[in-house]
Amino acid sequence: MLGSAELCFNVDHGYLEGLVRGCKAGLLTQQDYLNLVQCETLEDLKVHLQTTDYGNFLANQTNPLTVSKIDTEMRRKLCGEFEYFRNHSLEPLSTFFTYMTCGYMIDNVILLVSGALQKKSVRDLLGRCHPLGRFSEMEAVNIADTPSDLFHAVLVETPLAPFFQDCMSENTLDELNIEVLRNKLYKSYLEAFYNFCKDHGDVTAEIMCPILEFEADRRAFIITLNSFGTELSKDAREALYPTCGQLYPEGLRLLAQAEDFEQMKRVVDHYGVYKPLFEAVGDGSGGKSLEDVFYEHEVKMNVLAFTRQFHCGVFYAYTKLREQEMRNIVWIAECISQRHRTKINSYIPIP
Amino acid sequence: MAAADLRAELDSLLLQLLWDLEELESKRVALNARVEEGWLSLSKARYAMGAKSVGPLQYASRMEPQVCVCTSEAQNGLQKFRVVRAGAQSPEEVGPREAALRRRKGLTRIPEPEVFSASPNPLNWFGILVPHSLRQAQASFQEGLQLAVDMASLQIHINWGRSQLRGLQEKLKQLELGAA
């Protein structure tokens with residue numbers, strides 16, 4: 001039906017969309033970043049953040065203030081907002097929120113499994129897990145030895161269960177297999193999320209599908225770049241690429257054969273969206289890295305999501321923009337605490 | 001004359017000392033730069049991977065060192081430090097342990113040479129697919145380690161040079177007093 005989103009969206013989700021737009025207006029401005037960059041110590045940073053939407057979020061922290069504490073408190077604040085949205089949502093927005101949390105759940109599972117490999121205590125690990133990815137079976141994750149164990153014993157009742165079909169194996173969870181598990185789970189999750197948005201149709205599909213396609217392609221590029229010089233074979237690498245992006249199928253096949261950054265650049269020559277991104281990458285340690293360039297592109301796409309109304313994508317875009325803001329603040333805080341101010345302006349401002 | 005020889009020796013010793021001091025200073029500056037670079041690369045890795053992915057959760061509280069510092073004596077009796085990969089020493093220890101095991105078990109086993117596996121790369125604690133910045137951090141810290149060891153050897157050499165210098169100055173003074 002033409003214009004069905006404009007007619008029906010506000011009935012169930014109008015209040016939450018209004019709320020998220022208000023939250024988006026509270027993101028740090030360029031002037032806020034200029035103030036933060038001039039801080040001499042982390043205490044100054046805390047004082048400047050009090051004048052923003054963050055308020056007194058660090059009030060309960062004991063001295064000395066560390067970058068890690070700032071990061072944990074920011075995450076807790078974001079989680080509080082997210083949980084508020086989620087608790088007040090109706091279908092299909094609630095399923096959309098569940099899909100959003102699956103990414104964080106995967107990270108938590110991997111953190112717990114690799115922590116078990118390093119003989120860390122479960123309590124320490126649980127304290128460091130991402131609050132958005134919390135689920136009740138988390139304490140039991142460290143008992144599993146193989147991915148099949150992990151599925152059958154622990155995760156079969158969680159939202160992650162459908163993503164395990166490609167990951168079942170009896171190999172013991174060592175460092176290589178944990179990495180493979182992480183990427184396969186994420187690939188299944190991303191493809192499922194993409195199909196959900198596509199089936200939803202309407203403005204949500206128009207906004208979310210390009211964002212998720214970029215996410216899939218980004219993962220393929222980063223996996224390829226980081227796999228040079230490691231024990232991951234080309235076939236194993238190809239199995240980790242999500243297939244819901246623009247690169248599927250030829251681009252992914254070519255990328256799987258690449259052996260260095262120059263060959264990756266040649267693959268990207270065929271894709272108009274990605275070619276200028278790769279050209280913006282600096283050489284050596286001077287300029288921007290590929291990850292920086294991708295983060296900038298992601299910020300652009302997420303800001304554009306707010307120019308359309310009546311879709312679920314604003315919630316995804318807001319969460320991602322807040323995460324970028326948190327990365328910016330943590331970067332500035334690290335430069336301040338290490339007294340290494342040459343690269344302090346390498347954050348990505350959010351227009 | 002003995003005094004002239006002594007003075008010449010004193011001069012060359014002083015020159016050597018000044019040269020060593022200059023090298024020590026340049027190595028110190030280089031070490032500071034490597035350590036700063038290393039920490040900044042770690043921050044960059046946290047930016048790319050997530051702040052909790054590069055931190056104390058990723059390494060065990062007890063770890064085997066990959067690299068050891070060995071001391072040796074140079075010809076002039078001075079101690080010299082050098083960096084040695086820890087794994088290079090273990091194959092010699094395997095033999096006697098095997099024999100002890102055989103005696104305890106009372107079986108005649110053909111002693112198999114224990115397959116010595118390469119010590120694990122600490123980079124793998126953070127995952128197999130780590131960003132370039134983390135590898136750069138590892139390289140910076142490794143260079144810094146070598147610099148620190150060189151600085152320690154240089155420091156010993158400088159201390160020895162200073163004591164030699166003092167001894168020679170004493171001798172020269174006594175020689176001049178005796179001649180006077």
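Throughout, protein chains are lettered first and strands after them, A, B, ... in sequence-line order, and every chain is numbered starting at 1.
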**Prompt:** Does a sphere of radius 6.0 Å around CH2 in B:W160 hold more than 12 heavy atoms from other residues, nucleotides or ligands, not counting ones at 6.0 Å or beyond?
**Reply:** yes
**Asked** Who wins among A:E323, A:R128, A:R182 for the most heavy-atom pairs under 4.5 Å with chain B?
**Response** A:R128
**Request:** Check each atom of A:L232 against the heavy atoms of chain B and say whether the ones under 4.5 Å are side chain, backbone, both or neither.
**Result:** side chain
**Item:** Shortest non-hydrogen separation from A:D71 to B:K52 and the atoms involved
**Value:** OD2-NZ, 2.9 Å
**Message:** Using a 4.5 Å heavy-atom cutoff, which residues in residues 145-159 of chain B come close to chain A?
**Reply:** none
**pair B:H132-A:L290: side-chain heavy atoms closer than 4.5 Å** = no
**Item:** A:Y295 side chain vs B:A48 backbone, donor-acceptor pair below 3.5 Å
**Value:** yes
**Item:** Heavy-atom neighbours of B:K171 NZ exceed 12 at 6.0 Å
**Value:** no
**Item:** Contact residues of residues 106-115 of chain A (partner chain B; heavy-atom separation under 4.5 angstrom)
**Value:** A:L111
**Request:** Could you tell me whether the side chain of A:S289 reaches within less than 4.5 Å of the side chain of B:K44, counting heavy atoms only?
**Result:** no
**Asked** At their closest point, which heavy atom of B:R135 faces which heavy atom of A:N226, and how far apart are they?
**Response** NH2-O, 3.1 Å
**Message:** Need one label for A:E291: side chain, backbone, both or neither, based on atoms under 4.5 Å from any heavy atom in chain B.
**Reply:** side chain
**Message:** Between B:Y47 and A:N328, does the side-chain contact (heavy atoms from CB on, under 4.5 Å) criterion hold? Intermediate values first, please.
**Reply:** CA-CA 8 Å; B:Y47 186 86; A:N328 287 344; 3.9 Å; yes
**Request:** Check B:I128 against A:E179 and note the closest heavy-atom contact, atom names and distance.
**Result:** N-OE1, 2.8 Å
**Fill in**
d(A:F228 CZ, B:L129 CG) to nearest 0.5 Å is 11.0 Å
**Request:** Mind ranking B:P56, B:S133, B:S53 by heavy-atom pairs under 4.5 Å with chain A and telling me who comes out on top?
**Result:** B:P56
**Within-4.5 Å side-chain heavy-atom neighbours: A:S68 and B:R46** = no
**Request:** Keeping the roles fixed (side chain from A:K120, backbone from B:Q58), state whether a donor-acceptor pair exists under 3.5 Å.
**Result:** no
**Message:** Evaluate B:W39 against A:E334 for side-chain contact (heavy atoms from CB on, under 4.5 Å), listing each step before the verdict.
**Reply:** CA-CA 9 Å; B:W39 280 106; A:E334 296 245 23; over 6 Å; no
**Message:** Can you tell me which of B:G127, B:S43, B:A60, B:G55 forms the most heavy-atom pairs within a distance under 4.5 Å of chain A?
**Reply:** B:S43
**Request:** Enter the distance from B:N121:CG to A:E175:CD here, rounded to the nearest 0.5 Å.
**Result:** 9.5 Å
**Item:** B:K80, NZ: over 12 other non-hydrogen atoms inside 6.0 angstrom
**Value:** no
**Prompt:** What part of A:R339 is in contact with chain B, defined as an atom under 4.5 angstrom from a non-hydrogen atom: side chain, backbone, both or neither?
**Reply:** neither
**Prompt:** Do the non-hydrogen side-chain atoms of B:W125 and A:Q118 ever get within less than 4.5 Å of each other?
**Reply:** yes
**Asked** So with a 6.0 Å cut-off around CZ of B:R162, is the heavy-atom count from everything else above 12?
**Response** no
